[in-house]
Amino acid sequence: MAETTSGKSIHLRIWRQKRGEQKGRFENYTVKNVLDEMSFLEVLDLLNEDLARQGQEPVEFDSDCREGICGTCGLVIKGVAHGPGSGCTTCEIRMRPFRDGETVTVEPFRAGPFPVIKDLVVDRTPFDRIQQAGGFVAANVGSAPDGNAVPIPKEDADKAMDAASCIGCGACVAACPNGSASLFVSAKIAQLARLPQGEPERKRRAWAMVNQMDAEGFGDCSNHGECEAVCPKAISIENIAVMRREYLKAFIGGSD
Amino acid sequence: MSTTKVLDARIPGGPLAAKWDRHAMDNPLVAPANRRKFTVIVVGTGLAGGGAAATLGELGFNVLNVCIQDTPRRAHSVAAQGGINAAKNYQNDGDSIERLFYDTIKGGDYRSREANVYRLAQLSTAIIDQCVAMGVPFAREYGGTLANRSFGGVQVSRTFYARGQTGQQLLLGVYSALSRQVKAGTVTMIPRQEMLDLVVDGGRAVGIVCRDLVTGELKRYAGDAVVLATGGYSPVYFLSTNAVNCNTTAIWRSFRRGAFFANPCYTQIHPTAIPQAGDYQSKLTLMSESLRNDGRVWVPKQPGDKRRPSDIPESERDYYLERRYPAFGNLVPRDIAARAAKVECDAGKGVGNTGFAVYLDFADAIKRLGRDVVADRYGNLFDMYEEITADDPYHTPMRIYPAPHYTMGGLWVDYNLMSTIPGLFVAGEANFSDHGANRLGASALMQGLADGYFVVPRVVASYLAGAGKAKTKTESDAFAAVERDVQTRYERLLAIRGGKTVREYWWDLGRVMWDKVGMARSRPNLEEAITRIRALREEYWQNVRVPGGARDLNKHLEMAGRVADFLELGELIARDALMREESCGGHFREEHQTPEGEARRDDENFAFVSAWEYAGENQPAAMHKERLVFENVELKTRSYK
Ligand SMILES: Cc1cc2nc3c(=O)[nH]c(=O)nc-3n(C[C@H](O)[C@H](O)[C@H](O)COP(=O)(O)OP(=O)(O)OC[C@H]3O[C@@H](n4cnc5c(N)ncnc54)[C@H](O)[C@@H]3O)c2cc1C
Ligand code: FES
């Protein structure tokens with residue numbers, strides 16, 4: 001139990017910013033008794049408990065499921081979106097790899113279209129607007145044929161599922177030197193392009209989603225591959241090639 | 001207040017199988033051109049709320065859809081792992097609507113309403129069709145057809161899944177339908193807002209008051225009907241498998257405005273979560289029930305055996321579920337598996353550092369199926385487990401222990417999912433309606449989508465056709481009064497500036513709930529729980545310390561409001577558990593068990609739904625009963641032997 005084992009001390013250098021429009025700066029904190037099994041966010045919880053007890057404002061950060069599936073959490077830890085070498089979300093990071101006495105820098109996901117709301121909390125609503133532009137199959141409730149009416153080869157279903165695993169956390173944007181949202185957008189386009197249900201709106205979808213991405217101010221993709229490297233769900237950069245193909249087809253053939 | 005009302009569930013007449021269609025014929029409709037004149041407020045964007053909002057939008061209603069998260073796609077439904085049930089009988093193994101109906105009634109230990117459960121089973125098949133049409137990438141066989149797996153408490157394979165991320169994929173389906181309606185202009189999304197109170201005027205629900213979680217501003221929304229789909233209340237135990245923002249506030253505040261709360265003591269403790277490791281912990285991580293398809297549960301036969309699992313020979317292991325329940329083995333329902341684990345651990349046979357864990361072993365499955373097949377089925381769960389515990393389940397058995405997971409109780413609703421407040425509908429985990437005293441695995445997603453896609457749109461439309469538009473405006477006194485209440489409460493919380501943090505109180509409450517109102521309950525423990533919770537609540541309002549201010553993003557203030565509500569709900573759960581002098585499903589009273597330690601139900605005296613009515617600050621709530629009438633199934637002692 002927590003009290004009986006004395007753990008490591010971790011120095012945290014955390015980005016504090018009272019409001020989006022105000023200037024931010026780093027502040028230093030130390031958390032003691034950090035155990036290997038703790039998650040990174042639980043360490044921030046401990047810090048916040050201390051701050052709250054002292055009547056100071058806690059460090060605000062977003063999280064919800066705390067098991068890597070909702071996409072709510074997202075911090076840049078030691079300069080890397082979701083932390084170095086983690087291959088997982090921020091909330092899944094455990095304290096094992098951190099050294100006693102280590103200083104760890106913690107920042108929000110930074111990108112032009114993701115303005116800071118407070119401290120480590122950012123606004124990712126542009127992702128919703130991209131989805132609204134065309135990330136759906138127009139099938140009203142009540143109009144569906146039997147689920148087995150159209151067989152889908154397992155391989156296609158699996159590939160669609162690979163792309164559909166995206167949790168919309170935005171790490172891809174935060175990691176990209178250009179602030180591109182291509183991995184996120186392409187995952188949805190590729191998922192639906194691989195399924196017969198997505199076929200009728202295929203061109204219109206690619207056209208609308210890509211244009212919305214541009215309108216939101218995300219940068220272009222120049223194949224750095226940083227997005228794939230930090231993606232907690234291992235979404236493949238191949239999807240971006242699919243997206244380009246789909247967009248080109250829409251461009252040539254007309255989006256309708 | 002003390003007079004007992006008999007609750008009318010408004011179940012349509014006629015044979016069970018014809019009720020839902022008959023309901024459609026008997027109830028009025030709103031013509032397409034008139035729909036956009038009606039505003040429906042939907043609170044929640046999970047499978048139930050998001051599904052309802054999107055579908056009402058498709059029908060042409062004007063919908064306001066509120067959620068706490070920054071985007072609807074993060075509602076807690078996203079975390080569901082294992083799957084969703086449907087009576088498709090694609091496996092030709094004898095499944096049918098009748099069987100799903102029967103399994104659910106039996107699984108719920110005969111404490112749910114026949115008509116609702118039957119409707120759920122009927123709608124289950126259309127859910128799968130709808131999801132496929134929307135591009136949900138369910139698992140498939142090589143031939144291209146949909147794949148199935150088994151879940152606890154049933155003997156057919158009817159669970160559809162998308163790897164270990166079924167909830168995510170279903171929710172993304174809902175999210176895409178919502179997105180389409182947002183674009184079409186029928187649904188207005190209002191994220192990062194928390195509903196803090198309900199506005200009732202002229203005897204009907206007419207709106208809600210929310211707090212904008214970014215600016216701290218209080219906002220008023222008026223509507224002609226309000227749908228709550230705000231999920232379950234497991235975090236009343238502090239540690240649970242739920243997301244950290246799951247709460248009871250929306251339904252609790254509505255309870256305080258007159259909606260009855262049904263069966264609060266029916267809480268589900270899931271048998272397979274990663275055991276608690278320390279006091280710092282913020283949540284427990286579920287290991288999906290689907291793992292019990294291939295994993296075998298065991299403990300050492302000798303109490304106190306501290307050998308590594310690999311050093312314990314077969315002959316010295318007790319596969320206690322297979323031994324005690326040969327017909328269902330490792331796939332007994334959750335309440336039974338959870339309690340059995342507790343029995344073993346209480347007898348000193350628990351494993352791991354704390355002794356509060358049992359093994360879930362995949363060695364045989366890997367031998368039988370090969371590592372690749374096991375990895376394909378459960379890879380992401382195994383990875384998650386290893387990430388947390390630093391143990392590799394391909395080589396050493398998982399350690400698991402029960403954890404609070406789901407709440408069958410919730411606001412009381414009639415067949416139309418309407419609460420005791422006209423115009424206030426409740427869907428998904430937030431209502432009490434379909435799972436009785438125990439929910440079967442993969443049935444919550446089914447209920448969420450049945451309510452969201454099919455039931456809510458129809459019943460809300462027929463309510464609106466009858467009730468017409470609400471007249472209360474947001475500028476009215478009714479709204480102003482509710483907003484004042486909300487504001488006063490937050491000002492009070494911030495002004496206390498006491499010595500203990502919100503989380504410390506939450507933790508204390510969770511401890512009482514788990515120890516005294518958890519897997520095994522008894523009169524003395526429940527009485528003690530009530531006293532302790534009342535004392536905690538009193539102390540909270542004098543000594544809690546909430547940092548920061550109200551006019552700002554302040555997650556500690558959000559938490560403070562939620563914990564204040566949990567401190568009230570906890571007492572009601574204990575009172576309900578105390579009242580229910582029987583054991584049924586997830587509610588186990590030590591006084592009511594057979595000599596073999598199985599639950600003993602009392603159908604003669606307790607075949608009813610308890611529905612509690614708020615009676616004022618710090619007053620014990622008043623109980624009303626809805627008698628459960630079983631015309632189609634025979635009440636039997638549940639046996640999985
Ligand atoms: C880890 C885990 C695994 C599970 N696995 C399965 C499974 O395999 N199969 C299965 O059938 N079931 C499973 N369940 C259960 C199932 O996921 C839930 O019961 C179901 O998804 C609940 O859906 P819902 O729509 O009722 O609520 P939720 O999805 O919880 O949505 C609640 C919504 O309400 C909003 N909200 C809450 N309070 C407020 C408020 N005060 N103001 C504004 N908005 C509010 C939230 O923002 C959210 O949008 C699992 C549950 C957990 C925790
Ligand atoms: S909190 Fe859900 S992914 Fe991290």
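Quick note on labels: first sequence line is chain A, next is B, and so on, each numbered from 1. Remember, predicted model here, so these are calculated numbers, not experimental data. Only this structure's heavy atoms are used, side chains among them; waters, hydrogens and symmetry mates stay out.
- Contacts of A/Gln191 with chain B are made by side-chain atoms alone, with heavy-atom separations under 4.5 Å and no backbone atom involved.
- A/Thr72 touches chain B through backbone and side chain together, each having a heavy atom under 4.5 Å away.
- Using a 4.5 Å cut-off between heavy atoms, A/Asp45 touches chain B through its side chain atoms alone.
- Heavy-atom distances place no part of A/Val34 under 4.5 Å from chain B, backbone and side chain included.
- Of the listed residues B/Val182, B/Asp383, B/Ile128, the one with more heavy-atom pairs under 4.5 angstrom with chain A than any other is B/Val182.
- Between A/Leu46 and A/Met38, the closest side-chain pair of non-hydrogen atoms falls below 4.5 Å.
- Within residues 51-59 of chain B, the residues having any heavy atom closer than 4.5 Å to a heavy atom of chain A are B/Thr55, B/Glu58, listed by residue number.
- Both the backbone and the side chain of A/Asp62 come within contact range of chain B, with heavy atoms under 4.5 Å apart.
- Residues A/Phe127 and A/Val185 are not in side-chain contact: their nearest non-hydrogen atoms beyond the backbone lie 4.5 Å or more apart.
- For A/Glu42, the part lying under 4.5 angstrom from a heavy atom of chain B is the side chain only.
- For chain B, the nearby parts of A/Asp158 are the backbone and the side chain; heavy atoms of each come within less than 4.5 Å.
- Of the atoms belonging to A/Asp162, heavy atoms from both backbone and side chain fall under 4.5 Å from chain B.
- Taking the charged nitrogens against the carboxylate oxygens, A/Arg19 and B/Asp552 do have a contact shorter than 4.0 Å, which makes a salt bridge.
- A/Phe98 and A/Phe40 have their aromatic ring centers within a separation under 6.0 angstrom.
- Annotation: ring-ring contact (aromatic ring centres under 6.0 Å, His included) contacts of B/His76 (sequence neighbours excluded): none.
- Exactly one residue among B/Asp129, B/Asn148, B/Thr125 makes a side-chain hydrogen bond (donor to acceptor under 3.5 Å, both in side chains) with B/Lys88. That residue is B/Asp129.
- Between B/Cys131 and B/Leu449 there is a side-chain heavy-atom pair separated by less than 4.5 Å.
- If you measure heavy-atom distances from A/Glu60 to chain B, the contacts under 4.5 Å come from the side chain alone.
- Interface summary for chain B: among A/Pro145, A/Gly134, A/Gly142, A/Ser39, the most heavy-atom pairs under 4.5 angstrom belong to A/Pro145.
- Looking at A/Leu51, there are no atoms closer than 4.5 Å to chain B (heavy atoms on both sides), in backbone or side chain.
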